[in-house]
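The structure appears right after this line, and notes come after that.
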There are 2 protein chains.
Amino acid sequence: MTGSRVEQKERTRRAILDAALTLSQESALVALSLRQVAKEVGIVPTAFYRHFPSIDDLGLALVEESLDSLRSLLRELRQTAGSDFASIIDGSVDVLVHQVRTHHAHYLFIARERFAGPAPVREAINAGIGTAERELAIDLAHLPGTDQWSEKDLHVLSSLIVDSMVSTAERLITAGPGSPAEQRIAAAARTQLRMMVIGAMQWRSSD
Amino acid sequence: MTGSRVEQKERTRRAILDAALTLSQESALVALSLRQVAKEVGIVPTAFYRHFPSIDDLGLALVEESLDSLRSLLRELRQTAGSDFASIIDGSVDVLVHQVRTHHAHYLFIARERFAGPAPVREAINAGIGTAERELAIDLAHLPGTDQWSEKDLHVLSSLIVDSMVSTAERLITAGPGSPAEQRIAAAARTQLRMMVIGAMQWRSSD
DNA sequence: AGTTTCGGTGTACGACCGTACACCCAAATC
DNA sequence: GATTTGGGTGTACGGTCGTACACCGAAACT
């Protein structure tokens, strides 16, 4: 085993996080025991405390990690340029599908713990989604046609879009990466986004 | 204690279901122990088996009960008539808010267990939501303006609306019944539904 | 009236849980 | 080279878990 002491510690910490993420995929965070994680990692139960004060703190670290995936998704979405709405939508859905595929465990974790997790975990996740809605609202304000929208309406549209994306992500998770349903779900998400954009563009004029 | 033996048994069964629903509101179904439930009901742990073969079967019974609430919501929504779209939307959101208020525990249970519950529970819940989408699609087909929509597009719109309602319900749950946020969430839901309807009405003509 | 049925009781077992405590030993520090 | 540091070990404790088993007593049945 190579490496200095701090490298070794970091490696064990990572192993604990990975084991916890793997184990929490079947079942849930509340049903995760310190001893299960320790056994999976290959250390004795008490050694766990060298890295985390409690299982709850492990859970919180897992949320941070999963929210990192979410934030990278948002970053990638913002960079998804396109000449028209249609290509922006297509690109965004592609990004979503790809991200859910490559960070499947993280998004499954978020979906699971958003409502079922411990209170601090739930709050952290909902704060992350709230941030996504607020950032999207800012982006929407820079789009043509939303010049004289109220801030409230901007946020309502933003949360509508984010909700739809979250639902799509959840569907993608339960469908499983690479499944035949994946393409169907992606196609439906594109259509839904188009409908929403059309509705939004007509909004002020018919209000 | 009045009542025949079958009445008494039914009363205890109800007490078990109520206790389980109450206990599962903090934490989750997987973190629910037979002994906790028995203690809450006031019976000895082994007496539990006189009513359910296992905790999982209790969970399944709880899902059925919660899905009954969901079905009653759908029934009520279908009866929400109105002369125009605006009044149908307003009435529907009122029904949703009222249902989530009066059956708070059931909808919290559904939100929690939809992704975090045991596999049979998850499947039952998603089947219930799928049914809602299909029924809404049928209703949408009877509305003016959707004459020449494809079946697929009908279902895409239907799932968009249902997703939005589910998200609204989840928001209402976490906001808590009677909270100041409730009115804000309801108002946002109305706006979202209006945007979706506008988008849908323009759909074919711009496709 | 005698018998059966059955919801609820009480005890008991082994498995797993979190965690306190004393200990070991190699890397890091001096 | 002597000392300190700290990740990992092994044992041990009290608590909770699901569940098997024998038993009780009143309602239900014959």
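Chain naming here is simple, since letters A, B, ... match the order of the sequence lines and numbering starts at 1 in each.
For the segment residues 25-33 of chain B, the set of residues with a heavy atom within less than 4.0 Å of an atom of DNA chain D comprises B:S33, in numerical order.
Regarding A:E7, its CD atom lies at a distance of 16 Å from the C1' atom of D:dG6, rounded to whole Å. To the nearest angstrom, C1' of D:dT19 lies 18 Å from CZ of B:F52. Spacing between atom CZ of B:R35 and atom P of D:dT19 amounts to 11 Å, rounded to whole angstrom units. Per the geometry, CD belonging to A:Q36 stands 17 Å off C1' belonging to C:dT19, to the nearest Å. As rounded to whole Å, 10 Å separates atom C1' of C:dT29 from atom CZ of A:R5. A:D56 has its CG atom 15 Å from the C1' atom of C:dT19, to the nearest Å. A straight line from CD of A:E10 to P of C:dA27 spans 19 Å, rounded to a whole angstrom. Rounded to a whole Å, the CD1 atom of B:I16 is 11 Å from the P atom of C:dG7.
Using a cutoff of 4.0 Å between basic side-chain nitrogens and carboxylate oxygens, A:R171 and B:E133 are scored as salt-bridged.
Under the side-chain contact (heavy atoms from CB on, under 4.5 Å) test applied with A:F109, the options A:L29, A:I173, A:L67 reduce to a single match, A:L29.
A donor and an acceptor atom, one from each side chain of A:R11 and A:Q8, are located under 3.5 Å apart.
Here the side chain of B:Y107 pairs a donor or acceptor atom with the backbone of B:S69 at under 3.5 angstrom.
How far CD1 of B:I198 is from CZ of B:R194: 8.5 Å, rounded to the nearest 0.5 Å. Considering CH2 of B:W149 and CG of B:L140, their distance stands at 8.0 Å, rounded to 0.5 Å. Atom CE of residue A:M165 and atom CD of residue A:E170 lie 13.0 Å apart, to the nearest 0.5 angstrom.
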Dump every N/O contact between nucleotides 8-10 of chain C and the protein below 3.5 Å, one line per pair.
residue	atom	partner	partner atom	Å
C:dG8	OP1	B:T12	OG1	2.7
C:dG8	OP2	B:H51	NE2	2.6
C:dG8	N7	B:R50	NE	2.9
C:dG8	N7	B:R50	NH2	3.2
C:dG8	O6	B:R50	NH2	2.2
C:dT9	OP2	B:V44	N	3.0
C:dG10	O6	B:T46	OG1	3.0

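Counting only residues at least two apart or on different chains, no salt bridge (charged side-chain N to carboxylate O under 4.0 Å, His left out) pair has a member in residues 36-50 of chain A.
Annotation: of the two residues near DNA chain C, A:Y49 and A:V6, the 5′-most nearest-nucleotide partner is A:Y49.
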